[in-house]
Amino acid sequence: MGNRISANVIRTTALSRDAAWQAVSDHADIVNWAPRTNVELTPSTGDDPNGVGAVRRISGLLLPATIVERVTEFTPTERLSYAAEAGVPFRNYEATIVLRDRADGGTEVAWSATADGRFPGDDVLLRGLVLGLQTLLGRRMSAIAKAGGAQS
């Protein structure tokens, strides 16, 4: 098919934006919210090892292949973007997570993804992927908040 498809999911968390950013930007922490995964990180050569240029290789029992993603944008407490280089069922998969303050002190977490669809139903698969990832991340953020990490 070759058409560009997209998916967007917005959730909220009781965590402050600083605390939510820690959950979003700590690539090694993925093992704490994505079940049965392993993460190998090639750090960025910039100021933050999780920043632009960092490459994360995510493997696990429930994954059919190792997912390789490169961080393409890293604006602390605001935005993290990455592009998949291998291991996802889409071509040209890119995703962005944006954090925004809420009036109640919590944070809005918006996760969007785009890819080139090849088959009918790819848009449904992409939406399911983003929704699943956002749900897992939301559970991690809830656990952090319950453990007292809601404040920055």
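This chain uses plain numbering: 1 for the first residue, then up along the sequence.
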Exercise for review: Measure the acute angle between the ring planes of Trp111 and Tyr82, then classify it against the limits of 30° and 60° as parallel, tilted or perpendicular.
Suggested key: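 Answer is perpendicular, since the angle exceeds 60°.
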Nearest-0.5 Å distance that lies between atom [atom1] in [X] and atom [atom2] in [Y]:
X	Y	atom1	atom2	result
Leu136	Asn32	CG	CG	12.0 Å
Ser25	Glu78	OG	CD	12.5 Å
Phe90	Leu129	CZ	CG	6.0 Å
Asp122	Arg91	CG	CZ	10.5 Å
Arg127	Asn8	CZ	CG	8.0 Å
Arg100	Thr107	CZ	OG1	11.5 Å

[X] with [Y], same ILVMFWY side-chain cluster at under 4.5 Å:
X	Y	result
Val24	Val52	yes
Val98	Leu15	no
Val39	Met141	yes
Leu80	Val31	yes
Leu137	Leu131	yes

[X] and [Y]: which non-hydrogen atoms are nearest, and at how many Å?
X	Y	answer
Gly87	Ala65	CA-CB, 4.2 Å
Ala54	Pro49	CB-O, 3.4 Å
Leu125	Pro89	CD2-CG, 4.1 Å
Thr96	Ser81	OG1-OG, 2.8 Å
Val9	Gln134	O-NE2, 3.4 Å
Ser59	Thr66	CB-OG1, 3.7 Å

Point to revise | Arg102 bridged to Glu108 by N-O distance under 4.0 Å | key: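 The answer is no: the pair does not qualify as a salt bridge.
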Review point. Between Thr77 (side chain) and Trp21 (backbone), is there a donor-acceptor pair under 3.5 Å?
Key: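 Not a single qualifying donor-acceptor pair exists.
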**Study point:** Asn92 vs Arg4 side-chain heavy atoms within contact, under 4.5 Å
**Key:**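 Yes - at least one pair of side-chain heavy atoms lies under 4.5 Å apart.
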Check your understanding: Does Thr72 reach the side chain of Glu94, with side-chain heavy atoms less than 4.5 Å apart?
Key ->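 No, side chains not in contact.
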Review point. Can you list the steps and then say if Arg11 with Thr135 is a side-chain contact (heavy atoms from CB on, under 4.5 Å)?
Key: CA-CA 8 Å; Arg11 296 272 170 103; Thr135 298; 3.2 Å; yes
Practice item. Count the heavy atoms of every other residue, nucleotide or ligand shown that sit under 6.0 Å from CG of Asp104, and state whether that count exceeds 12. Key: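 More than 12 heavy atoms, drawn from other residues, nucleotides or ligands, come within 6.0 Å of this atom.
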**Study point:** Side-chain donor-acceptor pair present, Thr42, Arg57, cut-off under 3.5 Å
**Key:**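 Note: Thr42 and Arg57 side chains meet the donor-acceptor criterion.
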Exercise for review: Identify which one of Asn50, Val71, Asp26, Ile58 satisfies the side chain to side chain contact (heavy atoms under 4.5 Å, CB included) criterion when paired with Leu41.
Suggested key: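 So, applying the side chain to side chain contact (heavy atoms under 4.5 Å, CB included) to Leu41 and each of Asn50, Val71, Asp26, Ile58, only Asn50 qualifies.
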